[in-house]
Amino acid sequence: MTSERYNSREAEPRWQKFWSEKRCFEAKEDTSRPKYYVLEMFPYPSGRIHMGHVRNYTMGDVIARFKRACGFNVLHPMGWDAFGMPAENAAIERGVHPKSWTYENIAAMRGQLKSMGLSLDWSREIATCDPAYYRHEQAMFIDFMQAGLVERKVSLVNWDPVDQTVLANEQVIDGRGWRSGAMVEKRELAQWFLKITDFSEELLEALDRLEKWPEKVRLMQRNWIGRSEGMRFSFVLEDEKGNELPDKLWAYTTRHDTIFGASFCAISADHELAKKYSAGDAGLAEFRREVSALGTSEETIERAEKKGYALGIYARHPFQPKLKLPVYAANFVLMGYGEGAIFGCPAHDQRDLDFARKYGLPVIPVVAPKGVDPASLTISTEAYLEKDGAESQMINSEFLNGLSVPEAKEEVARRFEASGMGKRKVNFRLRDWGVSRQRYWGCPVPVIHCPTCKIVPVPKSDLPVTLPEDVTFDKPGNPLVHHPTWKHVKCPKCGANATRETDTFDTFIDSSWYYARFCSPNADVPVEAGAARYWMPVDQYIGGVEHAILHLLYSRFFARAMGKTHHLDWDEPFASLFTQGMVVHETFKTGSGEWVFPVDATLRDGKWFHAKTGEELTIGGIEKMSKSKRNVVDPESIIESFGADTARWFMLSDSPPERDIEWTEAGAEGAWKFTQRLWRILGDASSRDTAPFTGEFGPAASELRRIAHRTLAAVTDDLSSLRFNRAIARIYELSNALSTALAIANPSADLAFTIREAGNFLVLMFAPMMPHLAEECWALMGHKQPVVETPWPTPISALTVDDEVTIAVQVNGKRRDEIRLQKGTAKDQVEAAVMKLDGVKRALDGKPVVKFIVVPDRIVNIVVSG
RNA sequence: GCGGGCGUGGCGUAAUGGUAGCCGCAACGGACUUAAAAUCCGUUGGAAGAAAUUCCGUGCCGGUUCGAGUCCGGCCGCCCGCACCA
């Protein structure tokens with residue numbers, strides 16, 4: 001019997017030391033055992049861990065510990081996504097060097113992660129900013145170049161004319177640079193691209209085989225890749241007087257069936273024709289400037305009010321040569337998709353309709369539901385978008401009239417191809433991956449620009465190209481450009497004076513192959529083939545849903561690119577994916593609108609007050625924890641006051657893992673109380689007789705045994721399918737049952753045995769979630785071997801099934817009674833038994849039975865008339 | 001704007017198309033205590049009824065089905081992503 005409280009502050013570090021000294025979590029290849037690779041998305045070393053990390057890494061740790069107990073050889077590594085902008089911002093704002101800032105953060109966060117008691121193999125730790133890591137990235141990039149997977153082309157960036165720097169989309173706020181406040185301009189820059197579009201079709205098709213990925217992620221990726229079947233065709237252009245112009249206008253459409261509904265053409269403001277005509281048209285030049293101020297983010301472009309500028313040129317309708325469609329430069333046409341030019345069909349596209357109404361262009365309906373009088377179809381402010389093209393027919397469309405949408409598409413395609421004006425084309429929304437960044441804190445692009453040899457890859461023997469450390473951030477722009485010596489080199493080919501590429505890689509490259517590096521973190525090749533063959537793929541990958549598209553798609557691409565260059569023999573890196581929800585918290589605000597940290601808010605008589613000023617606070621929404629809203633709770637302080645196990649338990653209980661979880665004081669306290677309760681219950685259980693019992697179990701013991709074995713079966717199932725919240729509810733149930741049994745005075749031998757058995761199960765079941773408490777309880781119960789080395793128990797199947805079932809009885813779909821019957825009772829016997837029930841008789845009230853539905857061992861539904 | 005998701009008691013939630021609300025929090029009542037904390041036991045979706053029991057109830061409207069929280073269509077609200085944040 002234990003009366004003291006469980007002291008997490010003393011016990012947790014002790015067990016962490018124990019695991020570490022015994023090297024419990026260091027993974028070694030062992031072909032005699034099945035492997036299991038569990039990985040959580042590695043963190044950016046921002047300085048301190050946040051609750052989102054706690055949730056993510058706790059889930060991964062539960063899986064790792066569970067699989068380990070189930071006999072798998074588990075790989076569970078950790079590393080740092082260590083390049084990126086925040087380090088440079090710290091350098092600019094606080095004068096710290098990005099490297100020292102990053103490594104200090106890593107040290108701090110490593111300590112915090114260790115205090116969580118995660119079963120990580122720290123011997124495999126990697127940091128992407130380490131030349132030992134990024135040298136392989138550079139080598140692979142050179143191989144990618146040779147394999148034709150790299151391209152250099154011009155693309156548009158957000159340019160801050162004051163800071164003389166490229167801005168990320170998130171640094172553009174209402175069209176202005178976040179630091180300078182200057183109006184942002186779009187600028188063309190030669191950049192490096194990885195040809196992910198070479199794999200569009202394959203990346204799309206392979207999604208069907210990712211059965212253990214959430215359907216929503218696969219759908220999002222499908223839509224992102226955006227395969228469409230359409231036509232690329234050209235318009236003949238003419239001026240106002242009808243003279244044919246030398247240029248042709250190429251357009252892409254998936255709705256060539258609506259060609260007779262065309263009333264204008266629109267080209268992107270960045271289209272070659274728009275550039276050409278703006279030379280002689282000040283209004284157009286001004287319009288292009290205006291559009292350029294919107295920046296490069298698709299969201300702002302698509303949200304902006306539809307605007308256009310008439311170029312004063314016309315496109316001849318391909319089938320009605322006398323019909324002239326005015327050509328506009330428009331802010332809603334994206335240069336990156338199709339040809340950067342469209343024909344507008346206002347009746348059947350909302351954006352086109354908005355545009356047509358604004359500029360007084362004709363709206364001609366050309367598709368109508370079958371059997372509807374075309375004259376009755378009028379378009380006012382909403383375009384008609386038919387749901388099923390086969391159920392619609394063409395109108396006002398000359399030779400297409402009466403055809404369905406698919407038939408019309410076919411006919412137009414045939415005519416275009418016959419005349420040579422156009423061709424069917426499969427198009428993808430997916431664009432090539434621009435990987436150039438004009439920043440310091442990233443992996444240098446291993447390329448040299450030579451005046452005569454042009455682009456020359458750095459010879460592999462000269463790798464890594466390391467970042468110079470003596471850089472300053474006092475000037476705007478990229479420190480690599482300003483560095484006095486770094487970029488000046490001899491051309492490796494001809495020996496002439498040349499310059500290094502000063503761009504660094506997008507940090508998404510770093511995170512596109514780290515999962516493979518963990519297989520052999522110290523190898524002198526990117527990935528050691530034998531190690532990868534054993535460990536790959538990642539069996540369970542866990543991270544935030546915000547990475548559903550970019551990071552996961554880039555990783556899938558990178559694995560293929562590495563395959564093509566013989567670095568990896570595995571196309572799909574993540575066999576199973578789980579996207580966890582966010583951690584949210586209430587927000588507090590003062591009267592003057594300042595956000596208040598939860599630690600500074602105190603509750604009195606149902607109202608919240610500022611702990612220091614006493615001012616009453618208003619409660620805002622429950623939102624994602626963020627520094628700006630100050631609704632953050634520091635995991636370190638929670639671990640200090642309640643212990644890591646409590647924090648871990650809270651993160652897993654209540655909310656399903658894929659959904660957002662709200663951090664509340666009360667919830668944390670509840671989790672803490674439960675750790676203490678388990679400590680008491682198991683202390684009590686440990687004092688019971690240990691003698692094995694072989695006779696007949698009495699009613700109390702039988703009941704507890706059934707619950708214990710059934711809970712074990714359910715928890716095993718729930719943990720296997722990542723339903724942590726359900727597993728926890730079951731564990732509560734078992735602890736309640738155990739607690740009830742412990743209250744029985746002078747228990748008989750059968751009950752004493754059962755209490756110990758249930759207690760053992762209980763400890764082993766919560767061990768993946770609260771590993772320190774589990775070890776402590778396990779030792780208390782007299783076990784010599786630690787929990788980490790104890791296999792997962794197996795329930796006795798005879799105890800997990802019932803031979804009787806409760807069957808609900810419905811009359812006309814409403815529950816009227818229930819009945820206990822032997823499992824597998826025959827249908828006619830069920831019918832007979834059910835008809836005798838009082839509740840059924842009352843509900844039937846003598847009405848004739850129309851139908852008798854029996855779902856074996858589940859439910860009965862009697863359908864009566866009247 | 002486009003793409004994706006979510007919506008169930010006072011709250012977090014549970015429910016292979018089959019008895020809606022397991023488990024937890026909070027609240028209330030009780031035990032223990034000089035007292036409080038802690039702990040333990042009990043009650044708790046709404047309405048009617050003394051009770052048995054009945055009716056209503058899963059954001060809103062409609063559909064499929066013997067049967068819908070679950071499937072389908074339309075709306076409303078909230079959240080996430082949109083290619084240089086990580």
Side-chain angles (χ1 to χ4, degrees), chain A residues 5 41 43-44 46 81 83-86 155 157-158 166-172 191 196 214-217 219-224 226 296-304 306 332 336 350-351 354 387 429-439 506-508 511 544-551 553-554 579 581-582 584 621-624 653-656 658-662 664 666-667 669-671 673-674 676-677 680 723 725-726 728-733 736 739 743 806-810 812-818 838-839 842 850-853 855 858-863:
Chain A
R5 277 189 172 180
M41 291 179 184
Y44 177 78
S46 55
D81 189 14
F83 275 135
M85 290 209 304
S155 77
V157 294
N158 298 309
V166 175
L167 297 176
N169 284 332
E170 71 155 16
Q171 297 173 316
V172 180
Q191 312 235 63
I196 188 171
E215 187 50 45
K216 64 169 177 179
V217 174
L219 194 57
M220 280 192 262
Q221 292 215 351
R222 237 172 246 135
N223 290 333
W224 185 261
T296 60
S297 126
E298 193 173 310
E299 188 193 352
T300 37
I301 292 168
E302 297 231 330
R303 261 191 212 264
K306 311 286 167 278
F332 65 93
Q350 193 57 46
R351 290 187 305 187
D354 296 343
K387 273 185 220 65
R429 209 185 75 97
L430 184 65
R431 307 200 293 259
D432 277 329
W433 176 12
V435 295
S436 285
R437 299 292 182 270
Q438 294 68 42
R439 301 187 211 289
D506 177 7
T507 58
F508 268 125
S511 55
V545 71
E546 66 273 19
H547 294 291
I549 297 174
L550 293 179
H551 161 63
L553 193 60
Y554 289 149
T579 54
M582 297 179 305
V584 297
I622 296 164
E623 298 183 51
K624 177 177 180 171
S653 51
D654 296 344
S655 289
E658 69 279 6
R659 229 185 282 181
D660 290 351
I661 189 171
E662 189 193 347
T664 59
E669 211 138 311
K673 280 184 193 168
F674 188 62
Q676 297 299 336
R677 184 169 136 86
R680 278 194 307 275
R723 287 174 296 201
N725 56 320
R726 295 214 318 193
I728 282 179
R730 299 291 85 82
I731 288 172
Y732 270 109
E733 279 172 344
N736 289 341
S739 174
T806 306
I807 294 174
V809 184
Q810 298 182 331
N812 282 347
K814 282 190 179 173
R815 183 189 167 280
R816 292 299 172 188
D817 214 327
E818 63 180 34
D838 287 344
R842 210 169 26 240
V850 176
K851 208 169 174 184
F852 210 106
I853 291 149
V855 181
R858 275 205 168 272
I859 203 163
V860 170
N861 190 10
I862 308 167
V863 186

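A donor-acceptor contact under 3.5 Å is not formed by the side chain of A/Q350 with the base of B/C2. With hydrogens and angles ignored, no donor-acceptor pair under 3.5 angstrom links the side chain of A/E298 to the base of B/C82. In terms of polar N and O atoms assigned as donor or acceptor, the side chain of A/R439 comes within less than 3.5 Å of the base of B/C84 in a complementary pairing. Residue A/R303 places a side-chain atom within donor-acceptor reach of the base of B/G1, judged by atom type and a 3.5 Å distance cut-off alone. Between the side chain of A/N223 and the base of B/G3, no donor-acceptor pair under 3.5 Å is found.
Comparing the P positions of B/G9 and B/G57 gives a spacing of 14 Å, expressed to the nearest Å. Comparing B/C75 with B/C66, their C1' atoms sit 29 Å apart, to the nearest whole Å. When the C1' atom is used for both B/A68 and B/U58, the distance is 11 Å, rounded to whole Å. Distance check on atom P: B/G10 versus B/C6 gives 23 Å, rounded to whole Å. The C1' atoms of B/G74 and B/U19 are separated by 31 Å, rounded to the nearest whole Å. Rounded to the nearest Å, the gap between the C1' atom of B/C56 and that of B/G21 is 15 Å. To the nearest whole angstrom, the two P atoms, one in B/C22 and one in B/G46, are 13 Å apart. A distance of about 28 Å separates the P atoms of B/U53 and B/C41, rounded to the whole Å.
When atom types are taken as modelled, the side chain of A/R437 and the backbone of A/D506 share no donor-acceptor pair closer than 3.5 angstrom. Between the side chain of A/D81 and the backbone N or O of A/P43, no donor-acceptor pair lies under 3.5 Å. With A/D660 contributing its side chain and A/G581 its backbone, the two residues share no donor-acceptor pair below 3.5 Å. Under a 3.5 Å cut-off, the side chain of A/N861 and the backbone N or O of A/G813 do form a donor-acceptor pair.
A/K306 comes within 4.0 angstrom of no nucleic acid atom, judged by non-hydrogen atoms across all strands. A/G84 comes within contact range of the sugar-phosphate backbone alone, with a heavy-atom separation under 4.0 Å but no base atom that close. Among the protein residues, A/V863 comes within range of the sugar-phosphate backbone only, with heavy atoms under 4.0 Å from sugar or phosphate atoms but none that close to a base. Heavy atoms of A/S297 sit under 4.0 angstrom from primed sugar atoms or phosphate atoms, though from no base atom. Residue A/L430 is classed as a base contact, given a heavy-atom separation below 4.0 Å to a base. Nucleic acid contact class of A/H551 (heavy atoms, under 4.0 Å, all strands): none. Base engagement by A/Q191 is indicated by at least one non-hydrogen atom pair under 4.0 Å involving a base atom. As judged by a 4.0 angstrom heavy-atom cut-off over every strand, A/V157 is placed among the base-contacting residues. Within 4.0 Å of A/L219, counting heavy atoms only, lie sugar-phosphate atoms of the nucleic acid but no base atom. Within the nucleic acid shown, A/S46 has no heavy atom closer than 4.0 Å to any nucleic acid atom. The residue A/D81 sits close only to the backbone: its heavy atoms come under 4.0 Å of sugar-phosphate atoms, none of a base.
Between A/R816 and A/I862 there is no side-chain heavy-atom pair separated by less than 4.5 Å. Using a 4.5 Å heavy-atom cutoff, the side chains of A/F508 and A/V435 are not in contact.
Residues A/G84 and A/Y44 come closest through the heavy atom pair O-OH, 4.0 Å.
Nearest nucleotide to the side chain of A/E302, out of B/A86, B/C2, B/A83: B/C2. Of the candidate nucleotides B/A86, B/C6, B/G4, B/C6 has the atom nearest to the side chain of A/R659. Comparing B/G4, B/U16, B/U19 by their closest approach to the side chain of A/A808 singles out B/U19. Considering only side-chain atoms of A/T507, the nucleotide from B/A86, B/C40, B/C84 that sits closest is B/A86. Closest to the side chain of A/R437, from the set B/C84, B/C80, B/C40, is B/C84. For A/N725, the listed nucleotide lying nearest its side chain is B/A14; candidates were B/G67, B/A14, B/C80. With B/A86, B/G4, B/U19 as the candidates, the nucleotide lying closest to the side chain of A/F508 is B/A86. For A/L550, taking side-chain heavy atoms from C-beta onward, the closest of the listed nucleotides B/G4, B/G24, B/A83 is B/A83. In this structure, of B/C85, B/G81, B/C23, it is B/G81 that holds the atom nearest to the side chain of A/E546. The listed nucleotides are B/G12, B/A83, B/U19; the one nearest the side chain of A/S655 is B/G12.
Screening A/I728, A/N725, A/I661 for a side-chain contact (heavy atoms from CB on, under 4.5 Å) with A/S653, the sole residue that qualifies is A/I728.
The interatomic distance linking A/R815 (CZ) with B/G69 (C1') rounds to 18 Å, in whole Å. When the P atom of B/G3 is taken as reference, atom CZ of A/R351 falls 10 Å away, rounded to whole Å. Spacing between atom NZ of A/K851 and atom P of B/U65 amounts to 10 Å, rounded to whole angstrom units. When the P atom of B/C80 is taken as reference, atom NE2 of A/H547 falls 14 Å away, rounded to whole Å. Protein atom CD1 of A/I661 is 16 Å distant from nucleotide atom P of B/G24, rounded to whole Å. In this structure, A/M582 places its CE atom 5 Å from P of B/C80, rounding to the nearest Å. If you measure from atom CD1 of A/I622 to atom C1' of B/G12, you get 10 Å, rounded to the nearest angstrom. With rounding to whole Å, A/E662 atom CD is found 18 Å from B/C78 atom P.
Contact check, A/R816 against B/C55: a side-chain N or O comes under 4.0 Å of OP1 or OP2. For B/A14, the OP1/OP2 oxygens have no side-chain nitrogen or oxygen of A/R730 closer than 4.0 Å. Taking side-chain N and O atoms only, A/S653 has no distance below 4.0 Å to OP1 or OP2 of B/G24. Between B/C56 and A/K814, a contact under 4.0 Å exists linking OP1 or OP2 to a side-chain N or O. Residue A/R429 places none of its side-chain N or O atoms closer than 4.0 Å to OP1 or OP2 of B/A83. Checking the phosphate oxygens (OP1, OP2) of B/C85, no side-chain nitrogen or oxygen of A/N169 falls inside 4.0 Å.
Here B/G9 is in the syn range [glycosidic angle within 90° of 0].
Of the nucleotides present, none pairs with B/U34 by Watson-Crick or G-U wobble criteria with both distances under 3.5 Å. Within the shown strands, B/C28 is the pairing partner of B/G42 under the Watson-Crick or G-U definition, both distances less than 3.5 Å. Pair check for B/U19 finds none; no Watson-Crick or G-U wobble contact set falls under 3.5 Å. Pairing partner, B/C82: B/G1, with both Watson-Crick or wobble hydrogen-bond distances short of 3.5 Å. For B/G9, there is no paired nucleotide, since no Watson-Crick or G-U wobble pair has both relevant distances below 3.5 Å.
By the 30° and 60° cut-offs, the orientation of the rings of A/W433 relative to A/Y554 is parallel.
With respect to the salt-bridge test (charged N to carboxylate O, under 4.0 angstrom), the residues A/E658 and A/K216 do not qualify.
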